[in-house]
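The chain is numbered in sequence order, starting from 1.
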Amino acid sequence: MGAHFLIVTVFLALTSSLAFASDPSPLQDFCVAVDDPKLFVNGKFCKDPKLATAEDFSFKGLDIAGNTSNKVGSNVTQVNVAQIAGLNTLGVSLARIDYAPYGLNPPHTHPRATEILTVLEGTLYVGFVTSNPENRLFTKVLNKGDVFVFPEGLIHFQFNTGHTNAVAIAGFGSQNPGVITIANAVFGSKPPISDDVLAKAFQVDKKVVDYLQAQFWVNN
């Protein structure tokens, strides 16, 4: 009896964790997001469905190239719940990523979503790193029409290896996947992380840490 109860308990725990492993499933046709500065919820509040319009479910301008004249040579045009209010509760979003020649979308993670990337133009060298202790690197060179998947939460990157501009479209399994750019988070935090902490973590001199913290970090 005790063993049977333990098995049932473990099964329920596993199924419960899987049920909450991504954005909540909608319980109605849609829930167009509205902001309420006085209250905070896991997601967005809904407007009255009778007041929803087609504009709540559309976005214009994804055909326009992003400005890549920055230090990393890339630009991400996000299309998530902040741009399309009707995405609220639907668990999907996307982005257009533009790369200058040799432009980089720096190592980063999406804490709430798996990403699937399709190359529209150019050639990209992409990859992701698995979690500790293996830290195994998976990489591939992608050409026009190729697709690659970056698992949820893992550090990944894209680098334009060509002499011409490159463009990709990325889909995400969340209405708001979030992004943590590793260099920005570690060396550009406000207030800064202690020199002692970073010098020991990266096994470098504090002067190196000071130099890195003084850089202007690009938020993609």
Side-chain angles (χ1 to χ4, degrees), residues 10-26 42-44 59 62 66 72-84 87-99 102-162 166-189 201-202 217-220:
V10 171
F11 175 76
L12 289 174
L14 288 173
T15 54
S16 297
S17 65
L18 289 173
F20 292 98
S22 59
D23 288 0
S25 298
N42 186 23
K44 298 280 187 179
F59 175 87
L62 210 60
V72 294
S74 70
N75 184 283
V76 179
T77 303
Q78 299 184 34
V79 187
N80 56 41
V81 70
Q83 288 77 39
I84 302 181
L87 281 178
N88 193 38
T89 75
L90 299 186
V92 294
S93 59
L94 56 81
R96 169 181 173 141
I97 313 172
D98 289 276
Y99 312 82
Y102 305 108
L104 171 71
N105 191 8
H108 61 281
T109 73
H110 300 292
R112 295 180 288 275
T114 292
E115 174 181 350
I116 182 167
L117 180 124
T118 304
V119 178
L120 301 184
E121 296 292 342
T123 300
L124 296 178
Y125 170 68
V126 307
F128 67 85
V129 180
T130 64
S131 55
N132 298 349
E134 290 84 6
N135 299 130
R136 184 179 175 191
L137 174 64
F138 289 80
T139 64
K140 193 170 182 64
V141 174
L142 305 181
N143 296 299
K144 182 177 180 179
D146 292 344
V147 178
F148 198 80
V149 172
F150 305 104
E152 181 175 347
L154 297 186
I155 294 174
H156 59 283
F157 61 87
Q158 303 106 35
F159 178 63
N160 180 5
T161 60
V167 183
I169 291 289
F172 303 94
S174 170
Q175 69 181 45
N176 183 23
V179 60
I180 302 171
T181 305
I182 307 306
N184 298 34
V186 174
F187 296 107
S189 67
F202 288 91
W217 298 102
V218 177
N219 287 312
N220 247 355

Nearest atoms (heavy-atom pairs only) where Leu104 meets Pro106: O-CD, 3.3 Å
Residues Phe159, Leu124; criterion side-chain contact (heavy atoms from CB on, under 4.5 Å); working and verdict: CA-CA 5 Å; Phe159 178 63; Leu124 296 178; over 6 Å; no
Any donor-acceptor N/O pair, Asp98 side chain to Gly66 backbone, under 3.5 Å: yes
Approximate separation, where rounding is to 0.5 Å, of Ile116 CD1 and Phe150 CZ: 10.0 Å
Closest heavy-atom pair and its distance - Leu142, Val147: CD2-O, 4.3 Å
With Thr123, the side chain to side chain donor-acceptor pair (under 3.5 Å) member among Thr161, Asp146, Asn143: Asn143
From CZ (Arg112) to CG (Asn176), nearest 0.5 Å: 4.5 Å
Polar side chain donor-acceptor pair, Gln158 to Tyr125, under 3.5 angstrom: no
For Pro177 against Phe172, the heavy-atom pair lying closest together: CG-CG, 3.8 Å
Atom of His110, atom of Glu115 and distance for their closest heavy-atom approach: NE2-OE1, 3.0 Å
With sequence neighbours excluded, residues passing side chain to side chain donor-acceptor pair (under 3.5 Å) with Ser93: none
Electrostatic pair Glu121:Lys144 at N-O distance under 4.0 angstrom: yes
Contacts table for residues 179-189: side-chain donor-acceptor under 3.5 angstrom, sequence neighbours left out:
residue, atom, partner, partner atom, Å
Asn184, ND2, Val218, O, 2.9
Asn184, ND2, Asn219, OD1, 2.7
Ser189, OG, Pro191, O, 3.0
Ser189, OG, Ile193, N, 3.2

Closest contact, heavy atoms only, Gln78 versus Ala95: CA-CB, 4.2 Å
Beyond-backbone contact of Phe148 with Lys140, side-chain heavy atoms, under 4.5 angstrom: yes
Nearest non-hydrogen partners of Leu87 and Val79, listed with the distance: CD1-O, 3.8 Å
Side-chain (Arg96) to main-chain (Leu62) donor-acceptor, under 3.5 angstrom: yes
Reference residue Leu117; test side chain to side chain contact (heavy atoms under 4.5 Å, CB included); the match among Asn105, Ile97, Val149: Ile97
Side-chain donor/acceptor of Ser174 to backbone N/O of Val92, under 3.5 Å: no
Exam field: side chain Asn160 to backbone Gly103, donor-acceptor pair closer than 3.5 Å: no
Thr114 side-chain N/O to Gly173 backbone N/O, donor-acceptor pair under 3.5 Å: no
Distance-only side-chain donor-acceptor flag, Gln175 / Asn88, under 3.5 Å: yes
Atom pair CD1/CG of Ile169 and Leu120 - distance to nearest 0.5 Å: 5.0 Å
